[in-house]
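Only one structure is covered here, and it is reproduced in the block below.
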2 protein chains.
Amino acid sequence: MARKTGSHSDITGPRVRAAALKLFAAHGFAAVSMRQIAAEVGVQAGALYLYTPDKQSLLFDLLRDHMQEVLDAWEAEEKPEGPVKQLETFSRFHIRFHLERPEQVFISYMELRNLEPDNFKALENMRRQYENSLEGILKQGQDEGVFDVDDTKLTTLALIAMLNGVTSWYKPDGRLSLARVEAIYSDMAGKAVRMPRWKARQRKAEAQQAAE
Amino acid sequence: MARKTGSHSDITGPRVRAAALKLFAAHGFAAVSMRQIAAEVGVQAGALYLYTPDKQSLLFDLLRDHMQEVLDAWEAEEKPEGPVKQLETFSRFHIRFHLERPEQVFISYMELRNLEPDNFKALENMRRQYENSLEGILKQGQDEGVFDVDDTKLTTLALIAMLNGVTSWYKPDGRLSLARVEAIYSDMAGKAVRMPRWKARQRKAEAQQAAE
DNA sequence: GGTTGATTTGAACGCCCGTTTAGTTAGCAT
DNA sequence: ATGCTAACTAAACGGGCGTTCAAATCAACC
């Protein structure tokens, strides 16, 4: 009893990562043992070490790959003109992308503290990169006078936290469709930062007065 | 070597809970051992069982006590008149209360899945009760026409997620003061749900037209 | 069809886990 | 001072942990 019939690293490798993802998301990194992961794959614990140097790398690879996917996908997303529409695009993209990968999103938020310091820093940089793409939109909107934002960094974090919240309750067969949720959240995000018309008029008036 | 000098259950009991809170928040429930908690208290592992029936209860008691504190504190908070001001009061209360208890908040969000089913349900009910107090404000505002909310339940969750986000980055000695953060967040929350003036005028016009 | 290398087993390593228990000491009332 | 009880230690229980490794089996190429 050693090598299994039909076994191949191209098959087992992805299955190991899938099992780890599933179990980490369900029970948490610290609560899941290598033996449980192996059982999910249908293999003995020792065999896992052909596909990962250790348990920590298994977690880190999952988190890093997910963040890279997010960054690449946003890069590839078609951006409309102007910060208002870009904010809507970002909100909708974020909701959609995250709802399609509930397990990755979950562990990306819950298991960061189980990363060793270097791995943690690497992921923090990727996350900041993603946040910067939203903050860029807010800054541009502020410069153009279409957004009324007190502090772009803080607002960025607040918006992302709000959008992330969706993953904690959304169920694909629930009361609300994905399209509806996208619409409601992007609408809320827009309203939270947009310059109110009365305030825009007031500023315009002030500017004219200052010019006289 | 048995009983320590100056030892008393009134002292050790709270110290056990404090150590558990600190360590659970820092490393996660599953990653912390009873021996680590005991070491933090300055006692042997066996002694912990004078203060908790088991590790699970230690976690549950922390979470339940925290949620009860939240509910009691909001109950005791002085409520102004009208949903707009009440939303601001709620936002500011939530931010302030949660920033004063970062560890409790952290474990309340991270460790729910480590609760046994019955304990989980108990806490879920308390959390829903808290959410309902916010949803009540949103509903009232919608009835009075001062809020423009698509779905009160969803909006409730979105706002709470946004407000909770503050706990993941706020540092007491950071760039922004607590008062400033309170102000920014409550302002954003208000703008996200408030009826825009132009829309209110439009509705009023529609109502008049329908009356003729 | 035999050889080689990829894939996996099964057992073992030392260590730590949550919890129980018998025994020991400190605080306190009498 | 004595006795009693609350508080704690030290050791042990069975079990699971992450990881390693020699041996065994299968896939693939000659």
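In what follows, every chain begins at residue 1, and chains take the letters A, B, ... in the order their sequences are listed. Here the structure is a predicted model, which is why all the values come from computation and not from measurement.
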Could you walk me through whether B:Q129 and B:N125 pass the side chain to side chain donor-acceptor pair (under 3.5 Å) check?
CA-CA 6 Å; B:Q129 196 180 326; B:N125 285 335; over 6 Å; no
Roughly, in whole Å, what's the span from CG in B:L50 to P in C:dT21?
13 Å
When you check the phosphate oxygens OP1 and OP2 of C:dT8, does a side-chain N or O of A:Y51 lie under 4.0 Å from one of them?
yes
Using a heavy-atom cut-off of 4.0 Å across all strands, would you classify A:V41 as base, sugar-phosphate, or nothing?
nothing
Can any side-chain N or O of B:K191 pair as donor or acceptor with the backbone N or O of A:M188 at less than 3.5 Å?
no
Take atom CG of B:D54 and atom P of C:dG18, then tell me their distance rounded to the nearest Å.
11 Å
So, OP1 or OP2 of C:dT9: does either fall under 4.0 Å of a side-chain N or O from A:K4?
yes
Output the rounded distance in Å from NZ (B:K55) to C1' (C:dC17).
9 Å
Measure from CG on B:D10 to P on D:dC8 and round the result to the nearest Å.
11 Å
Hey, does the side chain of B:T12 come within less than 4.0 Å of D:dA7's phosphate (OP1/OP2), counting only N and O?
no
Looking at the side chain of A:M34, which of D:dT19, D:dC17, D:dA27 is the nearest nucleotide?
D:dT19
For the ring pair A:W74 and A:F97, is the centre-to-centre distance below 6.0 Å?
no
B:K79 (side chain) donor-acceptor with B:E77 (main chain) under 3.5 angstrom
yes
Can you tell me how far C1' of C:dT21 sits from OH of B:Y49, to the nearest Å?
13 Å
Between B:A45 and A:S33, the residue closer to the 5' end of DNA chain D by nearest nucleotide is B:A45
Rounded to the nearest 0.5 Å, how far does CG of B:L112 lie from CZ of B:R127?
6.5 Å
Measure CD/A:Q44 against P/D:dA22 and give the value in whole Å, please.
19 Å
Find the distance B:I11:CD1 to D:dA6:P and express it as a whole number of Å.
17 Å
Please report the interatomic distance CG(A:N114) to CD(A:Q56), rounded to the nearest 0.5 Å.
8.0 Å
Aromatic ring pairing A:F93/A:Y130, orientation class (parallel under 30°, perpendicular over 60°, tilted between):
tilted
Indicate, yes or no, whether a donor-acceptor pair under 3.5 Å links the base of D:dG18 to the side chain of A:R35.
yes
Would you say a side-chain N or O of A:S9 is under 4.0 Å from OP1 or OP2 of C:dT7?
yes
Nucleotide-level pairing of DNA chain C, given in dot-bracket where Watson-Crick and G-U pairs need both distances under 3.5 Å and | marks other strands:
||||||||||||||||||||||||||||||
Specify the separation, in whole Å, of atom CG of B:L48 and atom P of D:dA7.
14 Å
